[in-house]
Number of protein chains: 2
Amino acid sequence: MNDAEPVPWLSDDEQRSWRAFVRLHLKLSARLAADLQSHSGLSAADFEVLVALTDVPEGRVRFQDLAKEIDWEQSRLSHQIRRMIKRDLVTREECAEDGRGAYVAISAHGRAVIEAAAPKHVVAVRRLVVDALTPEEFAELGRLSAKLTDRIEREP
Amino acid sequence: MNDAEPVPWLSDDEQRSWRAFVRLHLKLSARLAADLQSHSGLSAADFEVLVALTDVPEGRVRFQDLAKEIDWEQSRLSHQIRRMIKRDLVTREECAEDGRGAYVAISAHGRAVIEAAAPKHVVAVRRLVVDALTPEEFAELGRLSAKLTDRIEREP
DNA sequence: CGGAGATCCATGACGCGTCAACTAGAGATA
DNA sequence: TATCTCTAGTTGACGCGTCATGGATCTCCG
């Protein structure tokens with residue numbers, strides 16, 4: 001009866017905010033993924049890889065570098081690229097300078113697909129998020145996100 | 001050269017906000033899942049199911065109702081419960097009133113696990129999110145989240 | 001040179017999630 | 001009752017992601 005609560009549960013308001021936040025991320029990622037899939041036949045993972053590949057002028061990058069760029073584990077990338085090769089979105093190229101290494105290169109088909117997909121994705125993001133808030137609100141959302149990410153990365 | 005951009009790309013600021021938001025959700029969900037796994041041996045899916053089961057006094061619910069409660073597809077729940085039964089977190093019980101139906105019931109072990117896990121999870125959420133912002137900021141995050149979720153659910 | 005250790009990538013096992021197909025029982029109707 | 005349809009839940013295939021392991025090659029140092 002004495003002693004402060006050993007576990008500081010969330011207040012009702014906090015609970016509501018937290019739930020809303022979690023729910024948003026579930027709904028939004030599901031929705032964007034579904035749009036991407038139905039409009040362009042791409043998964044979020046496909047999309048991320050293809051965007052990263054178009055960001056580099058040569059259209060090909062070493063596995064390592066790509067993994068770092070998009071912050072993926074190396075084996076995740078390896079699995080993903082295997083699947084994408086089967087659909088001719090990317091190709092794998094040997095690396096002359098390093099016998100262990102390899103390049104991932106975007107294919108012509110992959111380029112066509114991402115060029116069609118990207119604008120649709122942007123439109124969806126705008127419609128569902130950016131334009132759903134005032135510019136001030138959206139900026140604030142960005143600021144709070146950055147603040148939290150910062151905290152998370154500083155944590156033990 | 002004329003004609004407005006057919007695709008309204010994000011401005012640099014918008015891009016930054018959007019990226020920060022996406023990054024937050026990736027980092028945060030990864031972090032909370034990792035904590036849950038290492039502290040309690042539970043996945044986020046396990047946790048959600050167990051919480052829903054402790055929320056109901058009898059500790060057992062029909063598959064349908066549980067699926068609706070946590071907003072999951074039925075087959076997702078079916079797969080998840082199968083995996084959880086193997087670890088003795090829940091049990092499956094036949095339904096006398098409806099021969100097709102079945103109950104999911106939390107096991108004694110499941111109850112012990114969730115009761116140990118929940119406070120640790122709350123502490124993590126507090127540490128990583130709630131207490132990382134001012135109360136006003138956190139409330140605003142909740143408000144914006146709800147506003148966006150609302151928009152998403154209203155969309156076609 | 002030659003061997004130790006590090007680096008690069010692949011793979012297999014497994015959990016998670018979706019979709020489509022399926023089984024079995026319940027309910028309605030003639 | 002016979003059948004037709006709807007509902008509850010299961011299952012299999014497959015994509016996604018992590019972890020642990022493995023094999024090839026590079027690097028460095030004696």
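A, B, ... follow the sequence lines: proteins, then strands. Residue 1 opens every chain.
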Begin from the C-alpha positions of B:V129 and A:I152 and carry the test side chain to side chain contact (heavy atoms under 4.5 Å, CB included) through to its verdict. CA-CA 8 Å; B:V129 183; A:I152 290 166; 5.6 Å; no
Residues which pass side chain to side chain contact (heavy atoms under 4.5 Å, CB included) with B:D71, listed by chain and number, not counting sequence neighbours: A:R23, A:K27
Applying salt bridge (charged side-chain N to carboxylate O under 4.0 Å, His left out), can you list everything that pairs with A:R83, at least two apart in sequence or on another chain? none
First and last nucleotide of DNA chain C touching chain B, 5' to 3', heavy-atom cut-off 4.0 Å? C:dG15 to C:dA26
Check DNA chain D against residues 71-95 of chain A and give the residues with a non-hydrogen atom under 4.0 Å, in numerical order. A:E73, A:S75, A:R76, A:H79, A:Q80, A:R83
Test of understanding: with ring pair (Phe, Tyr, Trp, His ring centres under 6.0 Å), list the residues that count as partners of B:H79, not counting sequence neighbours. none
DNA chain D-proximal residues of residues 41-62 of chain A, any heavy atom under 4.0 Å: A:S43, A:A45, A:D46
Take B:R31 and B:L26, measure what side chain to side chain contact (heavy atoms under 4.5 Å, CB included) needs, and give me the verdict at the end. CA-CA 8 Å; B:R31 175 57 181 270; B:L26 293 174; over 6 Å; no
List the residues meeting side chain to side chain contact (heavy atoms under 4.5 Å, CB included) with B:A105, not counting sequence neighbours, and say none if there are none. B:R60, B:T91, B:E93
Check whether any side-chain N or O of A:H121 sits under 3.5 Å from a backbone N or O of A:A117 as a donor-acceptor pair, and report yes or no. no
What parts of residues 100-108 of chain B reach DNA chain D, counting only heavy atoms under 4.0 Å away? B:R100, B:G101, B:A102
Flag side-chain contact, heavy atom, 4.5 Å: B:D98 against B:R62: yes
Under the ring pair (Phe, Tyr, Trp, His ring centres under 6.0 Å) rule, collect the residues that match up with B:W18, sequence neighbours excluded. B:F21
For A:T134, give me all partners under side chain to side chain contact (heavy atoms under 4.5 Å, CB included), at least two apart in sequence or on another chain. A:E136, A:E137
Which ILVMFWY residues are connected to A:Y103, directly or by a chain of links, through side-chain heavy atoms under 4.5 Å apart? none
Apply the hydrophobic cluster definition, ILVMFWY joined by side-chain contacts under 4.5 Å directly or through others, and give me every member besides B:I70. B:L36, B:L42, B:F47, B:V49, B:L50, B:V51, B:L53, B:V56, B:V61, B:F63, B:L66, B:W72, B:L77, B:I81, B:M84, B:I85, B:L89, B:V90, B:V104, B:I106, B:V113, B:I114
